[in-house]
Amino acid sequence: MKKIEAIIRRSKYREVKDELHKVGVNFFTYWDVTGIGNEKQGHVYRGVTFNTSDIQRRFLSIVVNDDFEQITIDTILKIAHTGHIGDGKIFVSDINEAYRIRTGEKGGETLK
Amino acid sequence: MKKIEAIIRRSKYREVKDELHKVGVNFFTYWDVTGIGNEKQGHVYRGVTFNTSDIQRRFLSIVVNDDFEQITIDTILKIAHTGHIGDGKIFVSDINEAYRIRTGEKGGETLK
Amino acid sequence: MKKIEAIIRRSKYREVKDELHKVGVNFFTYWDVTGIGNEKQGHVYRGVTFNTSDIQRRFLSIVVNDDFEQITIDTILKIAHTGHIGDGKIFVSDINEAYRIRTGEKGGETLK
Amino acid sequence: METIFTVNNLWMMVSIFLVFIMHLGFATLESGLTRSKNTINILFKNVMVVAIGLLTYTFIGFNMMYPGAEFAGGFFGFSGFGLHLPENGLTSAYNIGYTYWTDFLFQAMFAATAATIVSGAVAERIKLNSFLLFSVIYIGLVYPVTGMWKWGGGFLDTLGFYDFAGSTLVHSVGGWAALMAVIMLGPRIGKYNGSSRAIEGHNIPLAVLGVFLLWFGWFGFNGGSVLSADPGTVSLVLVTTSLAAAAGALSSFFTSYAIFKSYDITMVLNGILAGLVGITAGADLMSVTDAILIGLIAGVLIVLAVIALDKLKLDDPVGAIAVHLVIGIWGTLAVGIFGAKAGWSQFGHQFIGVLAVGLFCITTSFIILIIIKKTIGLRVSEEEEIEGLDIHEHGMNAYPDFRTNEH
Amino acid sequence: METIFTVNNLWMMVSIFLVFIMHLGFATLESGLTRSKNTINILFKNVMVVAIGLLTYTFIGFNMMYPGAEFAGGFFGFSGFGLHLPENGLTSAYNIGYTYWTDFLFQAMFAATAATIVSGAVAERIKLNSFLLFSVIYIGLVYPVTGMWKWGGGFLDTLGFYDFAGSTLVHSVGGWAALMAVIMLGPRIGKYNGSSRAIEGHNIPLAVLGVFLLWFGWFGFNGGSVLSADPGTVSLVLVTTSLAAAAGALSSFFTSYAIFKSYDITMVLNGILAGLVGITAGADLMSVTDAILIGLIAGVLIVLAVIALDKLKLDDPVGAIAVHLVIGIWGTLAVGIFGAKAGWSQFGHQFIGVLAVGLFCITTSFIILIIIKKTIGLRVSEEEEIEGLDIHEHGMNAYPDFRTNEH
Amino acid sequence: METIFTVNNLWMMVSIFLVFIMHLGFATLESGLTRSKNTINILFKNVMVVAIGLLTYTFIGFNMMYPGAEFAGGFFGFSGFGLHLPENGLTSAYNIGYTYWTDFLFQAMFAATAATIVSGAVAERIKLNSFLLFSVIYIGLVYPVTGMWKWGGGFLDTLGFYDFAGSTLVHSVGGWAALMAVIMLGPRIGKYNGSSRAIEGHNIPLAVLGVFLLWFGWFGFNGGSVLSADPGTVSLVLVTTSLAAAAGALSSFFTSYAIFKSYDITMVLNGILAGLVGITAGADLMSVTDAILIGLIAGVLIVLAVIALDKLKLDDPVGAIAVHLVIGIWGTLAVGIFGAKAGWSQFGHQFIGVLAVGLFCITTSFIILIIIKKTIGLRVSEEEEIEGLDIHEHGMNAYPDFRTNEH
Ligand SMILES: Nc1ncnc2c1ncn2[C@@H]1O[C@H](COP(=O)(O)OP(=O)(O)O)[C@@H](O)[C@H]1O
Ligand SMILES: Nc1ncnc2c1ncn2[C@@H]1O[C@H](COP(=O)(O)OP(=O)(O)O)[C@@H](O)[C@H]1O
Ligand SMILES: Nc1ncnc2c1ncn2[C@@H]1O[C@H](COP(=O)(O)OP(=O)(O)O)[C@@H](O)[C@H]1O
């Protein structure tokens with residue numbers, strides 16, 4: 001099993017979600033984070049103009065069976081893409097085991 | 001060392017925490033997330049009724065030494081369980097190293 | 001590639017960020033979490049005094065190439081340190097792959 | 001003799017304060033019922049509209065709306081730019097109820113209301129500049145014209161049309177423009193993809209605050225429209241106003257529960273406003289029972305209107321069209337159905353009033369909006385709309401210390 | 001002659017607005033001091049209570065509380081359903097201070113207050129329907145009866161009991177019902193597991209807003225209770241009211257600091273309310289020094305009362321019992337201790353008044369609550385309580401754009 | 001005869017309520033423009049300052065500021081501790097405009113304002129105790145002295161200095177102390193590391209609420225300063241006040257847009273306050289055009305002042321120095337430039353007034369602050385400042401249910 005963590009623009013979230021559903025990725029967890037990266041955002045506040053590289057983003061954590069890894073990544077790469085600096089990153093790592101609390105079952109079945 | 005990530009109902013958090021303390025798991029970190037899964041929640045707003053699968057949940061991240069892995073998982077499976085759709089998931093992965101910032105020490109000792 | 005997850009005091013965040021930039025770690029993602037640990041904080045509310053071990057902390061998730069692992073850890077250990085209980089933890093794990101959504105490229109290059 | 005003048009004027013000044021605070025009510029209601037990423041934008045509009053309303057009304061509006069007998073025509077009048085204290089403007093010779101200054105300020109506070117109503121309906125997608133420009137023209141030129149038709153002694157007044165405090169002259173005037181603007185802008189992105197989606201307001205306590213403040217302000221809006229402190233009339237107006245609001249709350253509560261099996265607070269809040277708008281045209285003509293009936297009906301209508309407008313894919317985030325236009329019409333017609341003036345002929349007058357004002361407002365707001373659309377544009381870019389107007393137009397967040405969860 | 005009538009009536013109308021805005025004060029205070037998952041629920045209750053208060057008072061309450069000489073008994077009176085403008089109801093022949101309509105509306109605004117007090121104490125666990133039903137009965141039938149005992153010319157009035165603006169007749173009446181409801185409902189889940197746990201309010205600025213608005217409203221609550229604009233009495237009442245509030249803030253500040261070594265803003269907010277409730281029974285009888293003393297004592301008492309009630313495991317999220325019942329009693333008794341009427345015999349009368357009203361309210365609220373409990377039930381399910389009343393009873397979140405951190 | 005007294009007194013009482021609610025305006029504005037980790041702290045200060053203001057003014061301030069003819073000197077006067085109802089204190093023999101109690105309470109509500117102004121400027125870093133102590137002394141002893149110089153019949157009054165409602169006597173008095181305190185405290189940690197950093201306010205709707213409430217309150221602040229309900233003067237004052245505020249909004253909008261190419265709502269909010277402070281000194285002397293010009297200039301000045309103060313590394317989170325001091329001076333001088341008293345000699349008097357009050361306030365606030373600094377200290381520890389004053393001084397969070405994102 002793999003954990004796919006994607007950090008994307010908040011404005012792309014809805015599209016990504018819809019497309020993931022289409023390719024059969026129906027379960028995931030997300031939260032909002034602040035990203036520090038190349039992108040800068042202009043702010044003005046009481047006469048001080050400044051650029052901040054602290055940009056609000058959405059963090060998606062998706063655990064999938066290995067056969068779903070590629071399609072999930074490809075979908076995010078395609079949909080979350082705008083071509084402008086700040087589109088975000090995807091990180092992939094291993095998951096040893098998964099459990100479904102409702103049933104107590106474990107293994108790849110819990111991700112379906 | 002293992003990282004145990006549990007996504008549970010917010011309403012079960014307090015019980016889970018208390019029980020984890022009882023079995024000796026005294027350290028962890030949590031935050032609130034939105035989960036997309038099987039569960040649906042009915043909403044009404046200004047004349048529009050809708051079901052959302054975006055449900056607020058609590059995300060627990062617990063790093064434990066290997067000998068604590070099973071008891072931690074079992075405790076969560078037992079306490080966070082209601083039997084209704086949406087009880088959540090537990091994911092387990094490997095941690096290579098842990099450091100305690102206060103002392104600079106590393107290894108399994110930092111988790112005690 | 002390694003994922004370095006650091007749970008630090010919120011009050012140390014700015015210093016840590018500045019110092020990470022100095023050593024060349026320019027990209028990361030953070031969010032605020034609640035930590036359960038040794039530290040306690042006194043509260044008073046409407047005549048009830050209580051100690052809570054639920055303390056707000058900042059969670060930094062930094063994915064780096066292997067050659068940056070040590071300097072990142074050392075920097076955090078040095079700067080986030082106060083010596084008082086509750087300085088936080090650093091956890092290190094493996095990342096299999098990284099993608100940059102903007103370009104679609106993958107591998108260590110995406111972290112630079 | 002002069003003491004009663006002082007008392008009356010005092011009452012009118014209190015009414016001014018109350019009407020003023022309605023702008024805070026609108027600001028908080030509208031920002032509460034929209035998303036946090038557009039909060040600064042909507043507050044900015046509401047703040048500027050007050051300033052614009054006061055200044056355009058000083059410069060031109062007051063003298064168009066109340067040109068005085070020698071300048072008034074049936075359809076249009078104007079007695080010159082700026083404010084000029086008339087002889088005796090500070091004594092009861094001007095009016096037993098108030099001085100010239102009080103007169104101006106009370107009316108000026110009303111003026112801004114029309115544009116504020118629009119502000120809610122077009123929230124979360126209109127360009128700031130375009131909205132402000134629209135407001136200047138609409139408050140400056142359109143609002144005073146229809147106002148003059150009745151309150152300035154124009155043809156509707158001659159006809160026998162009755163509109164005590166402005167169900168039509170204020171609320172519908174705002175409502176028609178809101179309707180046109182919503183049609184021309186189109187719905188917010190994501191609102192009608194296939195079925196209607198709820199886009200929840202981000203801060204319900206703020207919305208509740210707004211409705212309480214609006215009710216509070218309405219005491220001055222209706223109570224002040226008596227134009228003197230006359231104990232009997234004013235206190236009756238306060239009673240009919242309050243009971244209509246309470247009845248609106250009750251019936252919207254039951255109606256929305258019956259339909260949705262849920263206690264939707266936003267419907268009850270709209271129900272209160274519906275009661276208030278509904279009673280406004282005839283607040284001084286109604287008995288206690290009439291007022292309660294008008295409020296009850298308004299509370300049912302508002303729920304149905306919100307649903308119907310949504311079915312028609314008219315995306316109005318705060319329900320401004322339903323409250324101010326639909327119920328504005330209801331309130332105006334109710335003068336022909338209930339109370340001291342009830343009767344077919346009065347109903348006819350009311351109907352003509354609604355129609356005349358409606359046609360004029362539809363036409364003028366369409367013209368203004370289409371010109372703005374063709375020149376500087378009406379709607380923000382898609383990117384801006386999705387990411388929020390606050391960060392794009394203002395470079396700020398309304399709540400920078402909070403971890404948001406935008407939808 | 002008639003001018004002074006207009007002035008008095010104007011003053012009473014201003015007082016109406018101020019008392020009205022107290023409901024917004026209660027709504028924001030109560031929602032600020034409870035958790036975000038129950039915010040819509042508590043706001044919903046506060047909004048509906050205003051509507052219910054006005055309508056029941058129209059239908060029945062006013063004529064039970066002020067039945068007029070020919071219908072009044074010592075313990076009960078009733079002059080028929082609905083409002084009927086008496087002859088001369090709009091002139092000073094009715095009352096030198098106000099018209100019939102003003103009279104009704106001022107009293108009606110008071111009526112809803114009693115139920116709003118309960119709303120805070122039972123927050124976060126009572127069923128919405130059950131609360132609304134309770135409110136209808138309690139405002140409709142119980143509040144007017146005890147009110148009549150004194151203000152309607154009943155036996156407490158004959159006895160010499162004094163309660164200027166309602167420390168007992170409004171605040172304690174609400175407070176007793178709050179006490180009974182809290183006992184019958186039990187504490188919120190998790191509040192008393194072993195030791196007492198703090199369940200912090202979710203929005204302190206909202207609570208502060210509430211207290212300022214309540215103070216603001218109290219100017220009308222007490223000032224209007226003079227029932228005319230009499231310059232000397234009203235202005236004295238405003239001074240005693242303000243100074244008692246300020247003194248309450250000060251002494252609660254010191255008391256809570258002395259006990260907890262911490263600056264607990266919720267205690268100071270309660271201290272202000274304590275000063276206000278404390279002075280309410282005798283606001284027109286006190287000297288500056290008396291008022292300050294009453295406020296200072298109220299500020300100490302409130303801190304001790306909050307602690308004591310918590311020790312007794314009476315879970316009152318907003319401190320309503322402490323503020324309105326405990327201090328309501330203190331304020332009533334203070335009339336026998338300080339000011340123009342001080343003396344043992346007056347103290348006796350005050351004591352009897354507290355007792356009589358207390359017994360009646362305890363009994364009636366118990367009966368109403370037990371019937372509701374046995375039929376539709378009082379308390380929401382455990383699941384609902386833990387997950388929040390908003391999502392279960394209303395299908396909504398108060399703050400959908402914010403990432404919450406519920407406790 | 002007595003009826004007009006009742007009317008006047010009624011007006012003054014309404015003004016009291018309006019000035020009172022300004023404290024809520026300050027509380028919400030100041031907490032909205034600072035960070036969430038210090039919200040309880042700033043609210044606590046604003047609540048306590050009201051209590052302190054009322055009580056010190058009762059005990060000493062009123063009799064220092066208005067000692068009455070027999071006790072007044074040119075620079076100082078005092079007629080004894082506490083309040084003593086003078087003979088005829090409740091009739092028009094005391095003053096045609098109000099009773100003794102009304103007089104006291106209106107002035108007392110003003111008193112607390114001076115310290116509240118300081119509260120905003122020193123926010124997020126001053127020790128709570130030190131601030132409260134400073135407030136007691138500054139409101140108790142400094143404010144009444146300069147107030148007496150003009151309003152109590154002292155030397156500035158004799159000289160011909162004019163300050164209608166307190167651009168200098170209230171706003172600058174607060175502003176000077178704010179300036180001294182900001183200098184002595186130094187900037188917040190992180191504000192000027194190399195270049196200036198923006199530390200954004202955490203809740204813009206709260207700030208907007210504050211400004212609307214302040215405008216609302218200003219109707220009483222300026223309107224009440226007429227000291228009677230005189231229809232002509234009061235209504236003129238309301239008009240000049242409103243138009244200056246509106247003009248301030250407009251010009252600050254354009255100025256800040258011209259400089260920053262952005263719609264900064266905080267600048268428009270400050271612009272409104274600038275218009276209000278600017279008109280305060282001469283609200284009764286100005287024509288409509290004068291008022292608009294004063295407001296327009298105030299709106300430009302405020303933007304420049306905020307920028308300049310930031311350049312000077314004077315860290316004032318809410319812009320209190322710019323609004324109350326810089327524009328307070330502008331408003332005072334404007335009396336010599338515009339309106340009925342315009343002229344070089346009046347300008348000279350105004351200038352002397354500004355200078356005299358400035359010197360006195362700088363000196364006294366410096367002495368008080370330096371003593372506090374040397375004894376109990378002025379500033380919280382670095383750790384406390386970074387982690388927030390709420391958790392350290394109060395052991396509480398303002399928003400425990402929200403996931404914050406502190407900066
Ligand atoms: N090494 C990293 N570790 C963790 N998060 C990262 C890392 N690099 C980028 N991110 C996240 O991805 C977001 C986008 O990256 P950014 O550098 O702004 O744009 P781009 O990927 O287009 O160059 C950042 O805001 C941050 O949240
Ligand atoms: N594959 C996954 N990756 C990440 N989070 C998941 C995944 N599957 C489930 N979750 C989380 O678990 C929660 C509960 O899952 P859900 O499917 O609703 O119920 P159940 O596990 O009872 O079938 C989801 O809301 C989501 O937060
Ligand atoms: N085993 C763990 N798993 C996850 N988070 C942990 C773990 N141990 C500590 N933490 C995080 O680190 C924070 C600091 O730890 P704490 O025990 O309070 O102090 P110290 O590390 O100085 O002993 C905790 O609040 C928690 O957020």
Side-chain angles (χ1 to χ4, degrees), chain E residues 3-4 7-8 10-11 14 18 35-37 200-205 207-209 211-213 215-216 219-220 223 228-239 242-243 245-250 253 260 262-266 268-269 271-272 287-289 292 399 402-407, chain F residues 2-3 5-10 12-14 16-17 20-21 23-24 27-28 31-32 39-41 43-44 46-48 50-55 58 82-83 85 89-92 98-105 108-109 128 203 206 209 393-405:
Chain E
T3 301
I4 191 74
V7 182
N8 285 336
L10 201 168
W11 168 245
V14 169
L18 294 171
R35 286 169 293 180
S36 61
K37 64 183 176 187
E200 295 165 274
H202 86 285
N203 194 330
I204 302 299
V208 171
L209 179 71
V211 169
F212 269 101
L213 289 177
W215 186 338
F216 182 66
F219 288 128
S228 84
D230 178 59
T233 319
V234 180
S235 61
L236 172 66
V237 165
L238 300 184
V239 169
S242 296
L243 291 181
L250 206 72
F253 169 83
F260 303 111
S262 158
Y263 304 111
D264 184 341
I265 194 167
T266 65
V268 174
L269 296 179
I272 289 174
S287 73
V288 165
T289 316
I292 292 176
Y399 304 102
F402 293 94
R403 186 60 71 179
T404 55
N405 178 31
E406 277 168 27
H407 57 278
Chain F
E2 281 304 307
T3 301
F5 176 65
T6 307
V7 181
N8 285 336
N9 186 66
L10 201 169
M12 294 308 294
M13 297 194 301
V14 169
I16 288 170
F17 310 154
F20 169 77
I21 214 68
H23 291 289
L24 176 57
T28 53
S31 58
T39 300
I40 291 194
N41 188 259
L43 293 169
F44 200 98
N46 279 295
V47 168
M48 287 309 296
V50 181
I52 289 172
L54 289 172
L55 293 171
T58 304
L83 300 180
L85 184 66
L90 304 182
T91 68
S92 59
Y98 39 78
T99 67
Y100 175 76
W101 299 121
T102 304
D103 189 13
F104 160 72
L105 199 55
M109 289 295 171
L128 183 68
N203 194 330
L206 217 49
L209 178 71
E393 297 223 58
H394 306 272
M396 288 189 167
N397 294 314
Y399 304 101
D401 270 8
F402 294 95
R403 186 61 69 178
T404 55
N405 177 31

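Below, chains carry the letters A, B, ... as their sequence lines are ordered, and counting in each starts from 1. On a predicted model such as this, the values are computed, not experimentally measured, just so you know. The analysis underlying the following values was restricted to heavy atoms, covering all of them including side chains, and did not include hydrogens, waters or symmetry mates.
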**OP:** Consider only side-chain N and O atoms of T3(F) and T3(E), and report whether a donor and an acceptor are under 3.5 Å apart.
**Re:**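 T3(F) vs T3(E): no donor-acceptor pair found between side chains.
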Got [X] and [Y] here, is their nearest side-chain heavy-atom distance under 4.5 Å?
X	Y	answer
H394(F)	I265(E)	no
T6(F)	D230(E)	no
T39(F)	P205(E)	yes
S242(E)	L105(F)	yes

**OP:** Using atom types as modelled and distance alone, determine if a side-chain donor or acceptor of D401(F) lies under 3.5 Å from a backbone N or O of S36(E).
**Re:**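 Yes.
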Subject >> Spatial distance of atom OG1 (T233(E)) from atom CH2 (W101(F)) [nearest 0.5 Å] >> reply: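 Going from the OG1 atom of T233(E) to the CH2 atom of W101(F) covers 12.0 Å.
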Subject >> Value rounded to 0.5 Å, distance of CD1 in I204(E) from CG in N397(F) >> reply: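 So the CD1 of I204(E) and the CG of N397(F) are separated by 9.0 Å.
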Let me know if [X] has heavy atoms under 4.5 Å from chain E in its side chain, its backbone, both or neither.
X	value
L43(F)	both
T58(F)	side chain
M109(F)	side chain
N46(F)	backbone
L83(F)	side chain
L85(F)	neither
L54(F)	both
Y100(F)	neither

Original post:
Which atom names give the shortest non-hydrogen contact between E200(E) and M396(F), and what distance separates them?
Top reply: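 Smallest heavy-atom distance, with atoms named: OE2-CA, 4.5 Å.
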Original post:
Any idea which heavy atoms bring G201(E) and P400(F) closest together, and the distance?
Top reply: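 For G201(E) versus P400(F), the nearest heavy atoms are O-CG, 3.1 Å.
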**OP:** Using the side chain to side chain contact (heavy atoms under 4.5 Å, CB included) rule, take F212(E) and V47(F) through it: C-alpha gap first, then chi angles, then the decisive distance, then the call.
**Re:** CA-CA 9 Å; F212(E) 269 101; V47(F) 168; 3.8 Å; yes
Between [X] and chain F, with a heavy-atom cut-off of 4.5 Å, which part of the residue counts as in contact: side chain, backbone, both or neither?
X	result
L209(E)	both
V288(E)	side chain
V7(E)	both

Relative to chain F, which of [options] shows the most heavy atom pairs under 4.5 Å?
options	value
L236(E), V211(E), L213(E), V234(E)	L236(E)
A246(E), S235(E), A249(E)	S235(E)
Y263(E), W11(E), F260(E)	Y263(E)

**OP:** Could you check which of T99(F), L24(F), L90(F), N9(F) has the highest count of heavy-atom pairs closer than 4.5 Å to chain E?
**Re:**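 Sorted descending by pairs with chain E, the first entry is L24(F).
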Original post:
Parallel under 30°, tilted from 30 to 60°, perpendicular over 60°: which one fits the rings of F20(F) and F216(E)?
Top reply: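 Taking F216(E) first and then F20(F), their aromatic rings lie parallel (interplane angle under 30°).
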Subject >> Parallel, tilted or perpendicular, as decided by the 30° and 60° cut-offs, for the rings of Y399(E) and F402(F) >> reply: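 Aromatic pair F402(F)/Y399(E) classed perpendicular.
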